Amino acid sequence: MISEHFDTRTRINMKLALDRVCRHRPSGEDHGFRRSVAENIIRCALTGRTGIGQLVDAGERAMIRTRPEREPARLRAGGIRRWLW
């Protein structure tokens, strides 16, 4: 669970970054889109880059990635998905 791995300030920055990235996007409320952005933000935070700007940049990078095969591979391997629940 995220709360076990990150301090309060980092969790707040992560949520703000997710909201900023998704706010004005046509697909911003789409669960799959938000999850992809959130996964990039989590990866960034896990490397110690926890500033709001760094997290927003990581979320923005998720939007430019086009890897339609990502989902099945991640589900098989477990991957970052375990950090979301």
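Just so it is clear, the structure is predicted and the values come from calculations on it, not from any experiment.
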**Student:** Any heavy-atom pair between the side chains of N40 and R43 that's under 4.5 Å?
**Tutor:** yes
**Student:** Quick one: do R49 and L55 satisfy side-chain contact (heavy atoms from CB on, under 4.5 Å)? Show the steps, please.
**Tutor:** CA-CA 7 Å; R49 296 183 320 251; L55 297 171; 5.9 Å; no
**Student:** Cut-off 3.5 Å, side chains only: do T10 and N13 have a donor facing an acceptor?
**Tutor:** no
**Student:** Would you say that L18 contacts R34 through its side chain, given a criterion of any heavy-atom pair below 4.5 Å between the two side chains?
**Tutor:** yes
**Student:** Hey, what do you get for CD1 (I41) to CG (L16), rounding to the nearest 0.5 Å?
**Tutor:** 10.0 Å
**Student:** What's the shortest heavy-atom distance between A45 and M14, and which atoms?
**Tutor:** CB-SD, 4.0 Å
**Student:** Report the distance from atom CD of Q54 to atom OG1 of T47, rounding to the nearest 0.5 Å.
**Tutor:** 8.0 Å
**Student:** Provide the closest heavy-atom pair for I52 versus R20 in the form atom of the first, atom of the second, distance.
**Tutor:** CG1-NH1, 3.6 Å
**Student:** Please check if the side chain of S36 supplies one atom and the backbone of F33 the other of a donor-acceptor pair under 3.5 Å.
**Tutor:** no
**Student:** Check the pair R11 / T8 against side-chain contact (heavy atoms from CB on, under 4.5 Å), numbers first and verdict last.
**Tutor:** CA-CA 5 Å; R11 288 193 315 268; T8 302; 3.5 Å; yes
**Student:** Report the C-alpha distance between R61 and V56 in whole Å, list the side-chain angles of each, state the deciding distance to 0.1 Å, and finish with yes or no for side-chain contact (heavy atoms from CB on, under 4.5 Å).
**Tutor:** CA-CA 9 Å; R61 282 192 302 275; V56 169; over 6 Å; no
**Student:** Nearest heavy-atom pair of I42 and F6: which atoms, and what distance?
**Tutor:** O-CZ, 4.3 Å
**Student:** Considering all heavy atoms of both residues, which atom of A62 and which atom of V37 are nearest to each other, and what is their separation?
**Tutor:** CB-CA, 3.8 Å
